[in-house]
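Down below is the structure, laid out as structure tokens.
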Amino acid sequence: MQALDEDRLALLFQALSGAYGKQDWWPGNTAFEICIGAILVQNTSWANAARAIERIRRRDLMQPGALLDLEPASLEDLLRPAGCYRQKARRVSVFCRWWLDARLPSQAPDPDTGALRAVLLSLHGIGPETADCILLYAFGRAVFVVDAYTRRLLSRLGLAQVPPGRRAYESLRTHVESLIGPQPAYLGELHALIVEHGKQVCRARPLCERCQLRTQCPY
DNA sequence: ACCCAGGGTCATA
DNA sequence: TATGACCATGGG
């Protein structure tokens, strides 16, 4: 296992960037919509999450107050294409409530990223990866998002092992953040590129361990 | 007829 | 701390 240092990270970014070009994430017009997207895409393809987002937008409901005014059953039905729609309806409601309560007009200067992250994590249905996506793409904080694609890629490249559990997650996240520094745009591109690469078909020879074990290659 | 997807919560041990 | 069940739709 080689060390994940600045040079290797820069090489990785360069390779992915050259292969896939500029990603310009996160898809979404407003910070609020990005947050909703981050919840809806949990363990779901973006295509399905996007369907639910479109249904919200077409009805002009992409605002916390409008979503909260819906009957629970209506909200669930609205989110159906995203899968896990009952859970997600509840999570969206909780987030909207927080948005209206804590994030409305007059608020003290933005809290530091750590404090904001802790608040997000305290919300039901917001775990580390969703919180970090929101911090990075909706709030512009310099956060590195560790998701399934990131674990697979770094593991496959022999740059990092990220066993399940919050400890290892935090360790890798802070490590990469310290390597890159306060550059939200760079971190945003990096994560987007990793995901884009993850969607591509694995052309490695020989096939990596995971690919050999699966009918559908996740790379 | 599976397997998978840009996770998270909850119950167990 | 760390597994496993569960959620649920749409595409391969």
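Only this structure's heavy atoms are used, side chains among them; waters, hydrogens and symmetry mates stay out.
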_Using a strict threshold of under 4.0 Å (side-chain N to carboxylate O), is an ion pair present between Arg117(A) and Asp132(A)?_
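A salt bridge links Asp132(A) with Arg117(A).
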
Table please: side-chain donor-acceptor pairs of residues 6-13 of chain A below 3.5 Å, with sequence neighbours left out.
from	atom 1	to	atom 2	distance (Å)
Arg8(A)	NE	Gln2(A)	OE1	3.0
Arg8(A)	NH1	Ala3(A)	O	2.8
Arg8(A)	NH2	Gln2(A)	OE1	3.2

Nearest-Å distance, [atom1] ([X]) to [atom2] ([N])?
| X | N | atom1 | atom2 | result |
| --- | --- | --- | --- | --- |
| Leu120(A) | dG7(B) | CG | P | 17 Å |
| Arg55(A) | dT9(C) | CZ | P | 12 Å |
| Glu196(A) | dA5(B) | CD | P | 15 Å |
| Ile53(A) | dT9(C) | CD1 | C1' | 15 Å |
| Leu123(A) | dG7(B) | CG | P | 19 Å |
| His124(A) | dC10(B) | NE2 | C1' | 10 Å |
| Glu76(A) | dC7(C) | CD | C1' | 12 Å |
| Asp77(A) | dA8(C) | CG | P | 13 Å |

*asked:* Can you list everything that forms a ring-ring contact (aromatic ring centres under 6.0 Å, His included) with Phe144(A)? Sequence neighbours excluded, please.
replied: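 So Phe144(A) forms no ring-ring contact (aromatic ring centres under 6.0 Å, His included) with any residue.
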
*Could you pull out all residues at least two apart from Tyr85(A) that satisfy ring-ring contact (aromatic ring centres under 6.0 Å, His included)?*
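ring-ring contact (aromatic ring centres under 6.0 Å, His included) list for Tyr85(A), sorted by chain: empty.
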
For residues 53-77 of chain A, which side-chain donor-acceptor pairs fall under 3.5 Å, sequence neighbours excluded?
from	atom 1	to	atom 2	distance (Å)
Arg55(A)	NH1	Asp77(A)	O	3.3

*Consecutive Watson-Crick or G-U pairs in runs of at least 3, all under 3.5 Å, in which DNA chain B is involved*: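 The stems are B:2-5 with C:9-12, B:7-13 with C:1-7.
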
Touch class at under 4.0 angstrom, heavy-atom based, for [X] against every strand present:
| X | answer |
| --- | --- |
| Ile126(A) | sugar-phosphate |
| Pro163(A) | nothing |
| Leu121(A) | nothing |
| Gly125(A) | sugar-phosphate |
| His191(A) | nothing |

*Keeping to residues at least two apart or across chains, list the salt bridge (Lys or Arg N to Asp or Glu O under 4.0 Å) pairs with something in residues 179-196 of chain A.*
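Every pair satisfying salt bridge (Lys or Arg N to Asp or Glu O under 4.0 Å) with a residue in residues 179-196 of chain A: there are none.
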
_Please give the distance between the P atoms of dC10(B) and dA8(C) as a whole number of Å._
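Taking atom P in both dC10(B) and dA8(C), they lie 14 Å apart.
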
*Near DNA chain B, under 4.0 Å by heavy atom, which residues of residues 30-52 of chain A?*
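Going residue by residue through residues 30-52 of chain A, the ones with a heavy atom under 4.0 Å of DNA chain B turn out to be Val41(A), Gln42(A), Asn43(A), Thr44(A), Ser45(A), Trp46(A).
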
*Give, ordered by number, those residues of residues 83-97 of chain A having at least one heavy-atom distance below 4.0 Å to an atom of DNA chain B; if nothing qualifies, reply none.*
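When residues 83-97 of chain A is checked for heavy atoms under 4.0 Å from DNA chain B, the hits, listed by number, are Gln87(A), Arg91(A).
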
*dC10(B), dG10(C), dG7(B): which one has an atom nearest the side-chain heavy atoms of Pro81(A)?*
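So the side chain of Pro81(A) is nearest to dG10(C).
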
*Given dG10(C), dT9(B), dG7(B), which nucleotide is nearest the side-chain atoms of Arg166(A)?*
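Ranking dG10(C), dT9(B), dG7(B) by closest atom to the Arg166(A) side chain puts dT9(B) first.
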
Just to verify, what does [X] make a side-chain contact (heavy atoms from CB on, under 4.5 Å) with, not counting sequence neighbours?
| X | answer |
| --- | --- |
| Ala47(A) | Ser45(A), Arg51(A) |
| Arg151(A) | Glu129(A), Val146(A), Val162(A), Tyr169(A) |
| Thr44(A) | Asn48(A), Lys88(A) |
| Ala31(A) | Trp99(A), Ala138(A) |

*asked:* If we ignore hydrogens and angles and just use 3.5 Å, is the side chain of Ser122(A) paired with the main-chain N or O of Val119(A) as donor and acceptor?
replied: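 Yes, because the side chain of Ser122(A) sits within donor-acceptor range (under 3.5 Å) of the backbone of Val119(A).
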
*Report yes or no: does Thr130(A) contribute a side-chain atom to a donor-acceptor pair with the main-chain N or O of Ile126(A) at less than 3.5 Å?*
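Not at all, since once roles are kept as given, no pair shorter than 3.5 Å links the two residues.
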
